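The structure appears below as structure tokens.
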Amino acid sequence: MITVHKIAETIDGRLIGDPDSVINGVCDLKQGKKGYISFIRAPKYHQYFMNSNASAVIVNESFAMEAGNKIIIHVKNPVLAFAKVLEMFDTRPAITPSIHKTATISTKAKIGSQCFIGPNVVIEDEVILGNGSNICAGSYIGANSAIGKKVTIHPNVTVYHNCKIGDNVTIDSGTVIGGDGFGWITENKNHYKIPQIGKVIINENVWIGSNCNIDRGTFMDTIIGNNCKFDSHIHIAHNVVIGDGCLFAAQVGIAGTTKIGNYVTLAGQVGVVDHITIGDNSIVASKSAVMQSIDSGSFYSGIPARPHNERKRQDVVIRNLPDIAKRLRLFERKFEDWLKERD
């Protein structure tokens, strides 16, 4: 049982209404339910407020509509506050530190305290596992890898040898860390493998979604900065260096030896070629192909990717091409008639 008072206290909100009212869960504002709490993220959703059946609503500090029979909690950032409320109602079972009897753990591995190691986990020689970390069912940790504190590796994740994962990292199911980069040399129509002997280094507070692939470096290291958040189905090739705080949506692909700056956002299905640099605080729109380096603070889109405002102007011209062609043909006919009259 969670009271409105407890919620307001947790999200540091200013409460208007009965503090002892009990909230049973969270709901969408438009399809609200009595006894549940929702939120308003932007003014365009104000229209749903009065008719919503939600008993409590989280709003920003400037919200001025009459509360009616609803409980209101004012906060600085309703989206962040609602995220904290979702945590309060999270029903995922807690993980109890333990080591399952089917886990295979090398005697040369160093396992920290309060760790969970699930069924059929394999941990190889010289692995270091930090305190409070969870390695879930079926995952594999290769030799000489170091896993930080409070790391959660979900089921069926593969971490190859000589990888380093920092504190508070979460890796979702199906992801592969440290597989060989795509390195080949062709001679006389034969493809010869270039050994990939570098590492993958993932720094702190990183979230990696399901079915991602982060390749090890050739002889340099593939590096992921602090606080990066990656969606599912992302491929990061060998020797890529990614700065802090980057956000990558699903199906992003980054080719080898590319450098990504801090706080870069790559939307869904963005492709980035090799050996280029994307500057800090840049944004690349979905389905774009980045073929050249991008300066800091840029917004690019399209195939090939160009500055977004330039791209929009090009789109306007392209949409008008049929009319332009029609006018040009008319001008040509008039010009031809003029030439005939002149002759």
Side-chain angles (χ1 to χ4, degrees), residues 1-46 48-98 114-116 118 130-137 148-155 167-173 204-210 226-232 245 247:
M1 183 175 70
I2 302 177
T3 64
V4 172
H5 172 74
K6 178 63 176 177
I7 293 174
E9 184 179 57
T10 300
I11 63 178
D12 193 25
R14 178 169 59 88
L15 175 63
I16 299 175
D18 180 8
D20 297 323
S21 292
V22 174
I23 298 299
N24 299 313
V26 296
C27 67
D28 177 73
L29 181 68
K30 189 176 180 180
Q31 299 171 340
K33 296 190 291 185
K34 187 176 181 181
Y36 284 65
I37 187 169
S38 188
F39 76 112
I40 296 177
R41 71 164 67 218
K44 65 181 181 179
Y45 298 106
H46 288 180
Y48 305 119
F49 175 74
M50 291 307 299
N51 293 325
S52 176
N53 290 321
S55 296
V57 182
I58 299 169
V59 299
N60 64 26
E61 293 176 330
S62 63
F63 184 82
M65 293 180 68
E66 290 293 330
N69 62 349
K70 293 181 177 58
I71 297 167
I72 300 296
I73 304 177
H74 290 272
V75 296
K76 290 182 179 179
N77 187 333
V79 178
L80 179 58
F82 196 67
K84 294 178 180 179
V85 173
L86 288 171
E87 289 181 356
M88 298 175 73
F89 288 96
D90 193 343
T91 58
R92 285 178 294 184
I95 296 177
T96 302
S98 61
Q114 299 296 301
C115 290
F116 171 81
N131 297 338
S133 288
N134 306 311
I135 312 297
C136 297
K149 301 175 183 177
K150 296 183 179 179
V151 171
T152 296
I153 294 178
H154 286 284
D167 297 343
N168 300 305
V169 169
T170 297
I171 303 175
D172 275 330
S173 296
E204 297 183 357
N205 302 307
V206 173
W207 187 293
I208 299 172
S210 301
N226 297 308
N227 299 304
C228 289
K229 314 298 179 186
F230 298 161
D231 199 355
S232 301
L247 297 172

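Model, not experiment: these values are computed from the prediction.
- One distance of note links CG of N205 with NZ of K229; it measures 5.5 Å at 0.5 Å rounding.
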Walk me through whether L15 and E9 qualify under side chain to side chain contact (heavy atoms under 4.5 Å, CB included). CA-CA 9 Å; L15 175 63; E9 184 179 57; over 6 Å; no
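- Remark: I11 CD1 to I73 CD1 distance equals 4.5 Å, nearest 0.5 Å.
- We find the CG-CD1 distance between N60 and I58 to be 11.5 Å, quoted to the nearest 0.5 Å.
- Note that CG of N134 and CD1 of I171 are 12.0 Å apart. Values are rounded to the nearest 0.5 Å.
- Relative ring orientation between F82 and F39 is described as parallel, the plane-to-plane angle staying below 30° on a 0-90° scale split at 30° and 60°.
- Considering every non-hydrogen atom in both G130 and C115, the closest pair reads O-SG, 3.1 Å.
- Other residues, nucleotides and ligands place no more than 12 heavy atoms under 6.0 Å from the OH atom of Y45.
- Here the shortest heavy-atom pairing between H74 and F63 reads CE1-O, 3.2 Å.
- Side-chain atoms of I2 and T10, non-hydrogen and from C-beta on, never get closer than 4.5 Å to each other.
- Taking both residues in full, the closest heavy atoms of S52 and G32 are given as OG-CA, 3.9 Å, listed atom of the first, atom of the second, then distance.
- A donor-acceptor pair is defined here as one N or O able to donate and one able to accept, closer than 3.5 Å; no such pair exists between the side chain of S232 and the backbone of G209.
- Nearest approach of E61 to R14, heavy atoms of both residues: O-NH2, 4.4 Å.
- Between the side chain of N226 and the main chain of E204, a donor-acceptor pair closer than 3.5 Å is present.
- One distance of note links CG of N77 with CZ of R41; it measures 10.0 Å at 0.5 Å rounding.
- Listed here is the closest heavy atom pair of A81 and V75: CB-CG2, 3.8 Å.
- The minimum heavy-atom distance linking A54 with S38 is given by the pair CB-CB, 4.2 Å.
- Around the NZ atom of K150, the shell of radius 6.0 Å holds no more than 12 heavy atoms that belong to other residues, nucleotides or ligands.
- Pairs engaging residues 15-33 under the side chain to side chain donor-acceptor pair (under 3.5 Å) rule: D18-S21 [sequence neighbours left out].
- Two residues are said to be in side-chain contact when any heavy atoms from C-beta on lie closer than 4.5 Å; V57 and Y48 fail this criterion.
- When atom types are taken as modelled, the side chain of S55 and the backbone of I23 share no donor-acceptor pair closer than 3.5 angstrom.
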In sequence, state the C-alpha distance, the side-chain angles, and the governing distance for Q114 and N131, and then conclude on side chain to side chain contact (heavy atoms under 4.5 Å, CB included). CA-CA 6 Å; Q114 299 296 301; N131 297 338; 5.8 Å; no
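- Surrounding NE2 of H46 are more than 12 heavy atoms belonging to other residues, nucleotides or ligands, all under 6.0 Å away.
- We find the CG-CZ distance between L247 and F230 to be 9.0 Å, quoted to the nearest 0.5 Å.
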